[in-house]
Asker: 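Pasting a structure below so you can have a look.
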Number of protein chains: 2
Amino acid sequence: MNSKVKKRTLIHDIARHLDVSIATVSLVLNGKAKQSRISDALAERVLAYVKEVGYKPNHLAKSLRTGKTHVIGLVVEDISNPFFATVAWMIEKQAFERGYRIIYCSTDNDTSKAKELITMFQDRHVDGYIIVPPEGVEEQVSVILREQIPVVLFDRYLPDLPTNYIVVDGTKGTYEAAQHLLEQGFTSIAFVTTDSKQTQMEARLQGYVQAMEERGLQQRVKHVNITDSEKILADIHSFIAENRDCDAIIFSTNYLSIYGLEAIAQQKLRIPDDLAVISYDDHDLFRLYTPAITVIAQPVESIAKNVIDILLDQLKHPSDKEDTTAIQAVVLPTSLVVRKSSIRS
Amino acid sequence: MNSKVKKRTLIHDIARHLDVSIATVSLVLNGKAKQSRISDALAERVLAYVKEVGYKPNHLAKSLRTGKTHVIGLVVEDISNPFFATVAWMIEKQAFERGYRIIYCSTDNDTSKAKELITMFQDRHVDGYIIVPPEGVEEQVSVILREQIPVVLFDRYLPDLPTNYIVVDGTKGTYEAAQHLLEQGFTSIAFVTTDSKQTQMEARLQGYVQAMEERGLQQRVKHVNITDSEKILADIHSFIAENRDCDAIIFSTNYLSIYGLEAIAQQKLRIPDDLAVISYDDHDLFRLYTPAITVIAQPVESIAKNVIDILLDQLKHPSDKEDTTAIQAVVLPTSLVVRKSSIRS
DNA sequence: CTGAAAGCGCTAACAT
DNA sequence: ATGTTAGCGCTTTCAG
């Protein structure tokens, strides 16, 4: 009997000890002392004792009762990708300060996994969602929307769904990168992207198309099918080999660039002499690579701030006001960080 | 009234619909139909209807009642570090298959943050912990131990605490790396590590010391104080500058190597001609760098497998049997992946 | 100002 | 074989 685990203190214990009612303790703990006209003296006495014994309310019971978990579900493409890792880290930090916890998961851009994760979050009764949606999750997101649970998408959005979202102006980002290459005298520019129809990918491609069209230059676009590493590497390798007359290449995401650098090295091509390179997203590798790689950087801090601000705002003000659910769509600018890989030597 | 959110189906609803008792439904759902001698026919009828309406039990209520959340708390140093990201990903995958969910957080090696996280997990009633402990969290871990909640540490352990842990043989790993350098004819080898007292760091250093002592070579060890990026970079930069007579250098972690490569590039030193380099942990950057960097790789898959197996085992068999709490300590081997950065040209 | 009491949705003795 | 019922720990009216 005595070796039994020491029981956690319950609200009941502290009420009994102070010889007040459970309700009083609960009210004080939830900051409703004033409106329930509980004397400051008593309130303080409660707080003091609570602190003394280190009482922590049972979250499960609290959530069951209130229907609020104070947990936000964050679904990203890949938490080990520095871009998502940084945004997630900032979101977590901000949310934490405002009393929310984040639980995150990676979809690896797999639709069925994403569906599973969203369902799992529903089961866990998260109060809100932050999602980087792969294609085909419209249905799950609709369900969330219908249940009036706050959602903010980022990096890309679902055109058919009225949700809040934060994205960057990828069209402009790529366009500027292309302009920069043209100014440096590179004229035969290729664009390597994925074969996905996600909005951010389409936008980035669009910027390339636009820049090429303006100058009446030939477009060389490679849509890589994202499967296993070897296949991707081989694919990019051949594309580069088959387009040896190109003098510059823009990759639409950081991981494609990584494969690209490997393929370029395999073919012993020199950057930027044989081929100039520009990538999306900054990364240790790009900064330290020899030569350093020019990147179209996304404003990670601003993305994180907008995401969490909008979500927390919705969490505070449940949109009861009928259809006045003003959707917030934020488009942020990218910035070109010029390094050696795109400078004519 | 009608615009109200559609209510979730409750166990009560399904019991009423089938005209059976709530208990029957609950028993069937929890696989206790057989032992409660519920007819197969009924059981199937229940299951069929549950599936039809897509009933999902309320986890919160279930957890409150059973005291089990089926959630495992994973505390790593930095989830965006490829080493931890990979291990975490594998752990998550395995746990998921066995019905457990993982919620993870990064400590950034900050003791107070780690304490906070562990406390948060306690509040959330996780069923078990997987922790990469920074220094000074002995107290929080003791609390978990005392409450008989399963814990597995990895990457490093807490010498004073009887916990399960999975680590690699860092002493041997570094020793082999040093041997390799010596065989290649490098004789003036430096070792760059952090100033932390964590077991894995001490072990790695030990391997270096041992190799140097065996040959009676001078030891040049730099203990970098991990603060902000600029400071770290500057620190490593000066160390390298002050030891220009060194012909090889071993870094005790992947992130130190990244700063190291930057510092080496700044000083326009050529690898391996001016300085051979070996790093701990594999990484895209090391594989793709020019020249490719030799690494002491950790068996990430095996680490993950051991961690989750031991934890799930404990979760299945609550160690009631008094002090028979057999501690599991697993030490795995590292493997040296030789690349150009450590080959005499 | 405070206490009693009704649940939140589910599980698992304990009855039948 | 199946139903009844007492909670898990907390919040929140509603009457004092």
Side-chain angles (χ1 to χ4, degrees), chain A residues 4-47 49-50 53-71 122-125 127, chain B residues 4-47 49-50 53-71 122-125 127:
Chain A
K4 226 38 212 154
V5 273
K6 63 143 194 287
K7 282 181 122 57
R8 243 174 188 270
T9 309
L10 305 181
I11 194 169
H12 174 254
D13 300 328
I14 100 115
R16 202 178 34 184
H17 177 95
L18 293 172
D19 202 35
V20 298
S21 92
I22 287 180
T24 307
V25 178
S26 176
L27 258 8
V28 170
L29 252 27
N30 290 295
K32 297 187 176 152
K34 276 279 177 299
Q35 75 188 58
S36 303
R37 294 195 265 179
I38 289 170
S39 71
D40 289 3
L42 213 203
E44 266 176 50
R45 211 154 61 86
V46 171
L47 260 9
Y49 186 65
V50 160
V53 298
Y55 165 74
K56 295 277 196 66
N58 180 321
H59 272 273
L60 292 168
K62 193 166 184 166
S63 297
L64 178 60
R65 184 60 237 249
T66 62
K68 299 266 147 263
T69 54
H70 278 258
V71 170
Q122 290 182 116
D123 287 357
R124 296 282 162 194
H125 300 260
D127 288 352
Chain B
K4 226 38 211 153
V5 273
K6 62 145 196 287
K7 281 181 120 59
R8 243 174 188 269
T9 309
L10 304 181
I11 194 169
H12 175 254
D13 299 328
I14 101 114
R16 202 178 33 185
H17 177 93
L18 294 172
D19 202 35
V20 297
S21 93
I22 287 180
T24 307
V25 178
S26 176
L27 258 7
V28 170
L29 252 30
N30 290 296
K32 298 187 176 151
K34 277 279 176 298
Q35 76 188 60
S36 304
R37 294 194 267 178
I38 288 171
S39 71
D40 288 4
L42 214 202
E44 265 175 51
R45 212 153 61 84
V46 171
L47 259 9
Y49 185 65
V50 160
V53 298
Y55 165 75
K56 295 277 195 66
N58 181 321
H59 272 275
L60 293 168
K62 193 167 183 164
S63 296
L64 178 59
R65 185 60 239 244
T66 62
K68 298 265 148 264
T69 54
H70 279 256
V71 170
Q122 290 182 116
D123 287 357
R124 295 282 164 196
H125 301 262
D127 288 353

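Lettering follows sequence order; numbering is per chain, from 1.
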Asker: A/Leu64 has an atom CG; how far is it from atom P of C/dA6, in whole Å?
Answerer: 17 Å
Asker: In this structure, how many angstroms lie between the P atom of C/dT2 and the CG atom of A/Leu29, rounded?
Answerer: 15 Å
Asker: Search all heavy atoms of A/Ile22 against all heavy atoms of A/His12 and return the closest pair with its distance.
Answerer: CD1-CD2, 3.9 Å
Asker: Exactly one of A/Ile38, A/Val28, A/Leu27 should register a side-chain contact (heavy atoms from CB on, under 4.5 Å) with A/Val46. Which one does?
Answerer: A/Val28
Asker: Provide, to the nearest angstrom, the distance between the NZ atom belonging to B/Lys62 and the C1' atom belonging to C/dA12.
Answerer: 13 Å
Asker: Nearest whole angstrom, please: distance from the C1' of C/dA13 to the NZ of B/Lys32.
Answerer: 11 Å
Asker: Do the side chains of A/Leu60 and B/Arg124 get nearer than 4.5 Å, heavy atoms only?
Answerer: no
Asker: Contact class for A/Ser26 (heavy atom, under 4.0 Å): base, sugar-phosphate, or nothing?
Answerer: base
Asker: With the side chain of B/Arg65 defined as its heavy atoms from C-beta on, choose the nearest nucleotide among C/dG3, C/dT11, D/dC10.
Answerer: C/dT11
Asker: Separation of A/His59 atom NE2 from D/dT11 atom C1', in whole Å?
Answerer: 15 Å
Asker: To check you understand the geometry: which heavy-atom pair defines the closest contact between A/Tyr55 and A/Leu10, and what is its length?
Answerer: CE1-C, 3.7 Å
Asker: From A/Lys62 NZ over to A/His70 NE2, what is the distance, rounded to the nearest 0.5 angstrom?
Answerer: 7.5 Å
Asker: Residues of residues 11-23 of chain B with any non-hydrogen atom less than 4.0 angstrom from an atom of DNA chain C: list those, numerically ordered, please.
Answerer: B/Ile11, B/Ile22, B/Ala23
Asker: Taking 4.0 Å as the cut-off, does a side-chain nitrogen or oxygen of A/Asn58 come that near to OP1 or OP2 on D/dC8?
Answerer: no
Asker: Report yes or no: does B/Asp127 contribute a side-chain atom to a donor-acceptor pair with the main-chain N or O of B/Lys68 at less than 3.5 Å?
Answerer: no
Asker: Any idea which heavy atoms bring A/Leu64 and B/Leu64 closest together, and the distance?
Answerer: CD2-CD2, 3.4 Å
Asker: Could you check how far CG of B/Leu27 sits from P of D/dG3, rounded to whole Å?
Answerer: 11 Å
Asker: Can you tell me the distance, in whole Å, between the CG atom of A/Leu60 and the P atom of D/dT11?
Answerer: 12 Å
Asker: Verify the contact: side-chain N or O of A/Thr24 to OP1 or OP2 of C/dG3, cut-off strictly under 4.0 Å; return yes or no.
Answerer: yes
Asker: The side chain of A/Ile38 lies closest to which of these nucleotides: C/dT11, C/dT2, D/dC10?
Answerer: C/dT2
Asker: According to a strict under-4.0 Å criterion, is A/Tyr55 in side-chain N/O contact with OP1 or OP2 of D/dG9?
Answerer: no
Asker: Measure from NZ on B/Lys68 to C1' on D/dG9 and round the result to the nearest Å.
Answerer: 17 Å
